[in-house]
Student: 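Dropping the structure in here first, questions after.
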Amino acid sequence: MIKFWKKRFSSSILTDNLEFDKELISLQKDIKDKISKNFAKSLNIRMVDCGSCNACENECNALSNPYYNLTRLGISFVASPRHADVLLISGVNTFNMHKHLVDAYNQMPNPKYVITIGDCTKIQSSVFDKNFAIVGEIEKFIPVNWHIEGCPPSPNEIIKGLLEFLKSLPKGE
Amino acid sequence: MSRLISRFVQYGNNELELMDFFADKIEKNIVKNDKIYSLSAQYPSARWFERKIRDDFGLVIESCYDKRRLIHHESFPKVYPMRKEFNLFSKLNFDYFEPYDYEKISGSGVFNVSVGPIHAGIIEPGHFHFSQAGEQILHLEVRHFYKYRAVEKMCEGKKIEDIEKIVARISGNESIAYQIGLSNIKYQSKELHQSLEHKLQNAILLEFERLAHHFADIGFIPNDAGFSPALAVGSRYSEDVRRVLKKLTNSRFGFDIIDKELNLFEKKEFILDFLSYLEREINWFEEWIIDIPSLWDRLDSTGILNKKEAIRYGCVGVVARASGIDNDTRSDDNFYTENGFTSCLRYKGDVASRFLVRIDEIKNSLFIIKNMILKLKKTISCNNLALSKDGEYFSLVESSIGEIFMYVKIENSIISRFYVRDPSFINWQALHLMMHNDIIADFPLINKSCDLSYAGNDL
């Protein structure tokens, strides 16, 4: 492990992101305020994939790498819908996943929010048309609060999308 | 006994045809009376192919003991979507219900554990059904196809150019490999040849994709054994590669970039610098990780797939190479061997072997890219104005997971049958073999060490 610590101290902090961090600092107070009022100081996200190509999942996994380190904003991914404030949905909503998706939403405690991620989740922007195996139209079955576009959205775009979602919430709801 | 690559059914002139692709031969038989004979006694991995055929076309599989549906789940109505008379845009309702009988072992003290389709991490949906005696895994059944999007049916009736966007999004981790597979078929069908520059560009991008995927994996595997610093390091390198891909192709996953003019040769210096950076880092990583005994306690002798079973199941890709099978589409290709490709083999078939194969392949990929980038002389030009000639075409591409088989039949310049077999489709079926000496807590580690695709498998 000594090799690791040597390297750790010799390399700089990777989360430096010049264009983005300025905006973050200005937002941070607001975000903290929002997260602490609405979500008891931490925003917990549960991700459910219902028919994506795995690129959106990869980008969400990338959010926890040393470049982005989402946890520093008080946002974390949790293991169960029952622990979650936000359901993050990717994919086209396939016939085989549809019931499980609705089930996951129903398992969440109130207040709950839903964010869709990636172009697949909207029929207009999706490469995949609606067909017998694709139910699509997530917003018809569960209320969707926010959408993050991109195919796939880059980690920066996901963070921006999450921040915009937080901004859209009414103050101290 | 030669390896079974894939087995599927297509429409012939008037009747259905059964296509069997083996490593050394291709067989085409006419289906009589809607019945086909099962190969599953000889080739265990034929089982999913045949269950898929039954779901898609409603054929009877003779002498196949497994009568359950595969891609159609409990509430999927009894329809046969790949039949020509079935309309792609029909709407199905959820009223139908047919229970699914899991493979399970019963007895006093034996219990079952169901996991999924929604898992605890950020991963794709799939179901795992364990029969347990205490902590010991007695049996595992893998049940997938939650992400079934009907890609095969979707591509029928279109031109090759029109399905490029769909094919790029079959599986995000293997997107470039899928695109190259389709591009190869496109060039075959137009009787055009790819220039050397074009081949080099494709191959460089394919190796970049392998790097991004393997770097993520060498982080995730130790992380599943409880060693998270490796994830921080591995995911960092993976992010580096994705950022470079973004710079080179304007897409972090390389979506829709094959057959485009990318001017890679102008960025030669930049790429070479980046490669030597990665080379330094991977050497450091290997030296560091080899030195952590508590990690290797978990990786060594966990999830063993022995060579005999791997051959019987026809395993491909990293899983096969970690069990000592020299199976790599690139090794048959002079183009690769001239550019420094060597097969990376390990022989124990355990998690550690699969981990080490990935490290070896990263080093080899770096070497290949370096050799290829020096040969780039000019921008490629792609003119694909010619129409596709009718016929049947297939291609094999080695993705980061393993060999992708793609088949396209063209009639009147449009696709009448599109079929792909992801490497995961075979390897998922062999996953249960790796569980027999291990406890349930080892399952995530073993599963991650194979790192199979759900989306590519489900289509």
Side-chain angles (χ1 to χ4, degrees), chain A residues 1-4 6-8 11 14 45-69 77-81 88 90-92 94-101 103-104 107 119-120 126-135 151-152 154-155, chain B residues 71-73 75-76 79 81 86-92 94 117-125 145-151 153-154 165-166 168-173 175 216 219-220 229 231-233 235-236 238-239 242-243 246 251-253 255 284 287-288 291-292 453-456 458:
Chain A
M1 273 315 270
I2 198 85
K3 281 186 196 123
F4 176 75
K6 252 194 211 158
K7 186 159 182 88
R8 172 70 189 78
S11 58
L14 291 169
I45 303 177
R46 169 66 240 189
M47 182 156 193
V48 172
D49 165 7
C50 54
S52 79
C53 68
N54 201 21
C56 288
E57 283 67 46
N58 269 313
E59 295 296 50
C60 287
N61 270 325
L63 287 172
S64 48
N65 76 27
Y67 283 103
Y68 303 102
N69 188 13
F77 286 90
V78 292
S80 165
L88 188 63
S90 68
V92 292
T94 59
F95 187 91
N96 285 345
M97 255 323 266
H98 178 70
K99 274 188 178 172
H100 305 285
L101 173 69
D103 199 21
Q107 302 274 330
D119 288 347
C120 282
S126 174
V127 172
F128 302 99
D129 290 333
K130 217 173 125 175
N131 65 28
F132 69 94
I134 297 177
V135 178
C151 187
S154 69
Chain B
I71 52 179
H72 298 167
H73 285 184
S75 53
F76 206 99
V79 291
F86 185 85
N87 182 1
L88 174 66
F89 300 108
S90 23
K91 196 170 183 304
L92 305 180
F94 289 90
I118 299 178
H119 299 279
I122 307 175
I123 31 170
E124 305 176 76
F145 303 95
Y146 287 91
K147 303 177 86 173
Y148 171 56
R149 293 164 289 181
V151 170
K153 182 88 177 174
M154 207 184 285
K165 284 203 158 178
I166 294 172
R169 287 160 184 79
I170 286 177
S171 168
N173 273 331
S175 175
F220 272 114
L231 177 61
V233 179
S235 63
R236 180 186 156 188
S238 176
E239 176 74 17
R242 293 248 179 261
R243 285 184 177 190
K246 168 90 183 171
S251 164
R252 284 163 57 88
F253 285 81
F255 283 172
W284 173 84
E287 209 180 298
W288 166 57
D291 245 9
I292 294 161
S453 165
Y454 300 62
D458 298 0

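In what follows, every chain begins at residue 1, and chains take the letters A, B, ... in the order their sequences are listed. Fair warning: this is a prediction, and the values are worked out from it, not measured in the lab.
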Student: Can you tell which part of A/Cys151 gets under 4.5 Å to a heavy atom of chain B, answering side chain, backbone, both or neither?
Tutor: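 Its backbone and side chain both get close to chain B.
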
Student: Find the one option among B/Ala232, B/Ala120, B/Pro81, B/Ala455 whose heavy-atom pairs under 4.5 Å with chain A are most numerous.
Tutor: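 Most pairs with chain A among the choices: B/Ala120.
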
Student: Using a 4.5 angstrom heavy-atom cutoff, name the option from B/Lys165, B/Glu124, B/His72 with the most pairs to chain A.
Tutor: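 Greatest number of close heavy-atom pairs with chain A: B/Glu124.
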
Student: Between chain A and each of B/Ile166, B/Ile123, B/Asn87, count heavy-atom pairs under 4.5 Å; write down the option with the most.
Tutor: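 The residue among B/Ile166, B/Ile123, B/Asn87 with the greatest pair count is B/Ile166.
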
Student: Using heavy-atom distances under 4.5 Å, tell me whether B/Val79 contacts chain A through its side chain, its backbone, both, or neither.
Tutor: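 Nothing of B/Val79, per the 4.5 Å heavy-atom cut-off to chain A.
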
Student: Could you walk me through whether A/His98 and B/Phe94 satisfy the ring-ring contact (aromatic ring centres under 6.0 Å, His included) test, starting with their C-alpha distance in whole Å, then the side-chain angles of each, then the deciding distance to 0.1 Å, before giving a yes or no?
Tutor: CA-CA 10 Å; A/His98 178 70; B/Phe94 289 90; 5.3 Å; yes

Student: Between OG of B/Ser235 and CG of A/Asn61, what distance do you get to the nearest 0.5 Å?
Tutor: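 One gets 9.0 Å once the value is rounded to the nearest 0.5 Å.
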
Student: Examine whether an atom of A/Val135 lies under 4.5 Å from a heavy atom of chain B, and if so say whether it belongs to the side chain, the backbone or both; otherwise answer neither.
Tutor: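 Looking at A/Val135, just its side chain touches chain B.
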
Student: Could you look at B/Leu231 and say if it's the side chain, the backbone, both or neither that has a heavy atom under 4.5 Å from chain A?
Tutor: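 Neither part, no heavy atoms under 4.5 Å.
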
Student: For residues A/Met47 and B/Ile122, report the shortest heavy-atom separation together with the two atoms involved.
Tutor: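 Closest approach of A/Met47 to B/Ile122: SD-CG2, 3.4 Å.
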
Student: What part of B/Ile170 gets closer than 4.5 Å to chain A, counting heavy atoms only: side chain, backbone, both or neither?
Tutor: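 The backbone, not the side chain.
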
Student: Looking at side-chain heavy atoms only, is the closest gap between A/Asn131 and B/Met154 below 4.5 Å?
Tutor: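 SC-SC contact between A/Asn131 and B/Met154 confirmed.
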
Student: Of the backbone (N, CA, C, O) and the side chain (C-beta and beyond), which part of A/Ser52 lies under 4.5 Å from a heavy atom of chain B, both, or neither?
Tutor: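 Both the backbone and the side chain of A/Ser52 come within 4.5 Å of chain B.
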
Student: With a 4.5 angstrom heavy-atom cut-off, is it the side chain or the backbone of A/Pro81 that approaches chain B, or both, or neither?
Tutor: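 For A/Pro81, no heavy atom lies under 4.5 Å from chain B.
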
Student: Within 45 degrees of the axis of the six-membered ring of A/Tyr67 and under 6.0 Å from its centre: does B/Arg243 put its NZ or CZ there?
Tutor: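 Verdict for A/Tyr67: a cation-pi partner in B/Arg243.
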
Student: Taking A/Lys130, A/His100, A/Glu57 one by one, which has the highest count of heavy-atom pairs under 4.5 Å against chain B?
Tutor: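 Winner by heavy-atom pair count: A/His100.
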
Student: Taking B/Tyr454, B/Trp284, B/Phe145 one by one, which has the highest count of heavy-atom pairs under 4.5 Å against chain A?
Tutor: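 So the answer, after comparing B/Tyr454, B/Trp284, B/Phe145, is B/Trp284.
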
Student: Can you say whether B/Lys246 sits under 4.5 Å from chain A via the side chain, the backbone, both, or neither, judging by heavy atoms?
Tutor: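 Neither part, no heavy atoms under 4.5 Å.
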
Student: Can you find a heavy atom in the side chain of A/Thr94 that is under 4.5 Å from one in the side chain of B/Tyr148?
Tutor: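 Not touching, per the 4.5 Å side-chain cut-off.
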
Student: Report yes if the side chains of A/Asn65 and B/Arg236 come closer than 4.5 Å at any heavy-atom pair, otherwise no.
Tutor: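 Side-chain contact under 4.5 Å: no.
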
Student: If you tally heavy-atom pairs under 4.5 Å against chain A, which of B/Lys153, B/Lys91, B/His119, B/Arg242 wins?
Tutor: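 Of B/Lys153, B/Lys91, B/His119, B/Arg242, B/His119 has the most heavy-atom pairs under 4.5 Å with chain A.
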
Student: Could you tell me if the side chain of A/Tyr68 sits less than 4.5 Å from the side chain of B/Glu239, heavy atoms only?
Tutor: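 Touching, per the 4.5 Å side-chain cut-off.
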
Student: Salt-bridge test for A/Glu59 and B/Arg252: reply yes if a basic N is under 4.0 Å from a carboxylate O, no otherwise.
Tutor: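 The answer is yes: the pair qualifies as a salt bridge.
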
Student: If you tally heavy-atom pairs under 4.5 Å against chain A, which of B/Ala150, B/Gly219, B/Gly456 wins?
Tutor: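 So the answer, after comparing B/Ala150, B/Gly219, B/Gly456, is B/Ala150.
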
Student: Just jot down the ring-ring contact (aromatic ring centres under 6.0 Å, His included) partners of A/Phe132, sequence neighbours excluded, or say none.
Tutor: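 Testing A/Phe132 for ring-ring contact (aromatic ring centres under 6.0 Å, His included), a comparison that skips the adjacent residues, returns B/Phe86.
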
Student: Could you go through A/Asn58 and B/Phe253, starting from their C-alpha distance and side-chain angles, then the distance that decides it, and tell me whether this counts as side chain to side chain contact (heavy atoms under 4.5 Å, CB included)?
Tutor: CA-CA 10 Å; A/Asn58 269 313; B/Phe253 285 81; 3.5 Å; yes

Student: Counting only heavy atoms closer than 4.5 Å, note whether B/Phe76 contacts chain A via side chain, backbone, both or neither.
Tutor: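 For B/Phe76, heavy atoms of backbone and side chain both lie under 4.5 Å from chain A.
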
Student: For a quick test of reading the model, state the closest non-hydrogen atom pair linking A/Ala104 to B/Ile118 and the distance between them.
Tutor: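 Shortest heavy-atom separation between A/Ala104 and B/Ile118 comes out as CB-CD1, 3.8 Å.
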
Student: What part of B/Ser75 gets closer than 4.5 Å to chain A, counting heavy atoms only: side chain, backbone, both or neither?
Tutor: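 B/Ser75 touches chain A through backbone and side-chain heavy atoms alike.
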
Student: Can you confirm whether B/Phe255 sits close enough to A/Cys53 that some side-chain heavy atom of one is under 4.5 Å from a side-chain heavy atom of the other?
Tutor: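 Of all side-chain heavy-atom pairs linking A/Cys53 with B/Phe255, at least one is under 4.5 Å.
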
Student: Would you say the side chain of A/Asn96 lies within less than 4.5 Å of the side chain of B/Lys147, judging by non-hydrogen atoms?
Tutor: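 The answer is no, as the side chains (C-beta and beyond) never meet within the 4.5 Å cut-off.
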
